[in-house]
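Here the structure comes first, spelled out in structure tokens, and everything after it is commentary.
Position 1 is the first residue of the sequence; numbering continues from there. When reading the values below, keep in mind they use all heavy atoms of this one structure, side chains included, and skip hydrogens, waters and symmetry mates.
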Amino acid sequence: MTQTQKLLQNDPNGALLSEWRIHTPICSPSRSETVSGRYFHNIKSNLAVPPEKLQPAASGHINATLYETDSFGVHLRAHKGYQVGMFGKSNFNTLMGFDRWFQAAVCGYGGTYQDNESPNFKFIADKTDYATDTIANKATEWIKRDNVSGASSGGRPFFVYFAPHCPHTPAVPSNTYANACVNVTSPRLPNYNFTGPGFHHLVAAQPPLTHDDEILIDDLARRRCQTLLSVDDAHAQLVAAVKSVGAWDNTYWILSSDHGYNLGHHRIPSNKFLLYDHAVRIPAVVRGPGIKPGVNPVLGTNVDYAPTWLAMAGIPTPSTYDGRSILTQLVPQEAEEELPEPTRRQVQADRAALADKPWRTEQFHQYYNQGGPSPYFPQNCPQAPNNGFEPCEGWAPGSSTNPTQQAGDLSEPRFPRDMGLKATIRPLDDYSNTYIGLHVLDPTLGSGRYKYGEYQYVCTTEQILAKNCFGDVQMYQLFDLVADPYELHNVYNSTDPAIVKELASRLRKHYPCEGAACP
């Protein structure tokens, strides 16, 4: 994404957040955490795990009534009069806090959008309109409106939540880029097509990737690259729009993702869901007044976005938020004079609070599985591919979380080279994949860099409501990321018990923390 790098990351006030990660690597929880500033356990529904029925995108695990009147958009509008626009994929289970709403999860041509300015709340795109271009054009038009950025706006500031569905599967590229990214394949890292005895069932039981699997995985990698070229164009278009209305100098940009992605790593052919870095480590760029340029290793997650956006507007972090504004970690004290006055006051207040509550040395992760293969709810599903395919068995490479796809049924989009390929049927999520965990970067502890996880296979509704899900842990994972950056060897049983005890103690400070009590 060369335009994005040039315009935002390489701007004199642009920074790459090199250690940024996601709290929960799946769409609906991640996006709900983003708008609410809360960890998963504080917006979790009472749905037990493993769920008896599949929960695509894990939306059934979210209770939006816990945060819909407390989202960042609600605060921006109520306290500072912001106009807030939403363009693209929401998946955060509430429309509250937005003046403009243009929403759909489309990565391809055509599509039907929720549109609060169209009759019946519906906009049907032409079959020749590419989704990323459509939402970019809608966002651009809104930014340029006189009542948003011009004389009739009354000086109200604006906030744009721009969320292309691409490169999400089916990852249909624009015709403009249908022949691009010719040599792109899934990175053959040491954890590609790897598993071992130290992993939970989802990973440990995966069969080796077949030749057909690898062709399909590489095809998906290429299409993801192609779709991102359109996202890159959209970013450049939005930058031009902001500059055209004279708002560039006092506008902040945060660019990121709602999760990482598996492309054959740890033998998972697609999607996310895992505690490992290919699923939770994400790109992040921040650009705006006072930001120190270059690479910044601040440890944060998407739960920190909402309080950061509020701080940019000069609004204190609500007591209900678990996240913290990262501006104190991005703006040097000597650069505070470059900040707008409301932002400067808030940054100074947050910086003073660091004396009593220093910045974290870890990032917190949490995930509740969507269902899938389970000894608890087998649903009479044969697990062997030769016995046919049932919805609870899993998904094929290149598919979305739609459990209705048949084995090797990858006709959308087309695979011109390999129409007859049949992918291995394998689960992308299962009962064993419910966890809490930490990524720790602390030179005072052992090697200084660890990934630690606790897995509990069953959690009842009562335990969820009481926030004591992880009291009966069934598997532990520990990776020394200095010696083992690709998370190949679980060293939980061979690590100094004092280090393990300290990691467990730090994890319990995050789960089940709430509000200002969170690290």
Pairs meeting criterion disulfide bond (SG atoms under 2.5 Å apart) with involvement of residues 19-73, two or more places apart
none
I'd like to know if the side chain of S71 and the backbone of V35 have a donor-acceptor N/O pair within less than 3.5 Å.
no
Could you tell me which residues satisfy side chain to side chain contact (heavy atoms under 4.5 Å, CB included) with S59, sequence neighbours excluded, listed by chain and number?
S28, N93
Please check if the distance between the ring centroids of F162 and F87 is under 6.0 Å.
no
Whether the side chain of Y455 engages the backbone of N433 through a donor-acceptor N/O pair (distance < 3.5 Å, no angle test) should be reported.
no
How would you list all residue pairs meeting salt bridge (Lys or Arg N to Asp or Glu O under 4.0 Å) that involve residues 300-323, not counting sequence neighbours?
D304-R360
Kindly write out the residues that satisfy side chain to side chain contact (heavy atoms under 4.5 Å, CB included) with S256, not counting sequence neighbours, or none if the list is empty.
W20, I282, A284, Y305
Keeping N63 on the side-chain end and T65 on the backbone end, is there a donor-acceptor pair under 3.5 Å?
yes
Sorted by chain and number, sequence neighbours left out, side-chain hydrogen bond (donor to acceptor under 3.5 Å, both in side chains) with S153 holds for none
Sequence neighbours excluded - salt bridge (Lys or Arg N to Asp or Glu O under 4.0 Å) pairs with any residue from residues 93-109
R77-D99, R100-D115, R100-E117
Ion pair present between D218 and R223, side-chain N to carboxylate O less than 4.0 angstrom?
no
Aromatic rings F159 and F72: how do their planes relate, parallel, tilted or perpendicular, breaks at 30° and 60°?
tilted
Would you say the ring centroid of F123 lies under 6.0 angstrom from that of F102?
yes
Is there a donor-acceptor contact under 3.5 Å from the side chain of S45 to the main chain of G60?
yes
Using atom types as modelled and distance alone, determine if a side-chain donor or acceptor of T94 lies under 3.5 Å from a backbone N or O of M96.
yes
Which residues share a side chain to side chain contact (heavy atoms under 4.5 Å, CB included) with L255, sequence neighbours left out:
T4, H235, V285
Check side chain to side chain contact (heavy atoms under 4.5 Å, CB included) between D146 and all other residues, then give those that pass, not counting sequence neighbours.
A151, S152
Which pairs count as salt bridge (Lys or Arg N to Asp or Glu O under 4.0 Å) when at least one residue sits in residues 245-265, sequence neighbours excluded?
R31-D258
Assess the pair F364 and Y511: is the distance between their ring centroids shorter than 6.0 Å?
no
Please answer whether the main-chain N or O of N271 pairs with a side-chain N or O of N262 as donor and acceptor at a distance below 3.5 Å.
yes
With sequence neighbours left out, the residues meeting side-chain hydrogen bond (donor to acceptor under 3.5 Å, both in side chains) with E487 are K451
Please collect all salt bridge (Lys or Arg N to Asp or Glu O under 4.0 Å) contacts where either partner lies in residues 129-138, sequence neighbours excluded, each pair once.
none
Would a line drawn from the ring center of Y39 to the ring center of H23 be shorter than 6.0 Å?
yes
Is a donor on one side and an acceptor on the other found under 3.5 Å between the side chain of Q363 and the backbone of T301?
no
K6 atom NZ: more than 12 heavy-atom contacts under 6.0 Å
no
Which residues pass the side-chain hydrogen bond (donor to acceptor under 3.5 Å, both in side chains) test with H61, sequence neighbours left out?
K44
Main-chain N/O of I326 paired to T308 side chain as donor or acceptor, under 3.5 Å
yes
Do the ring planes of Y161 and F92 sit parallel (below 30°), tilted (30 to 60°) or perpendicular (above 60°)?
perpendicular
Do the side-chain N and O atoms of Q346 and S325 include a donor-acceptor pair separated by under 3.5 angstrom?
no
Given the ring of Y321, does R38 sit roughly above its face, with NZ or CZ under 6.0 Å from the centre of the six-membered ring and within 45° of the axis?
no
Please find out if less than 6.0 Å separates the ring center of Y276 from that of H266.
yes
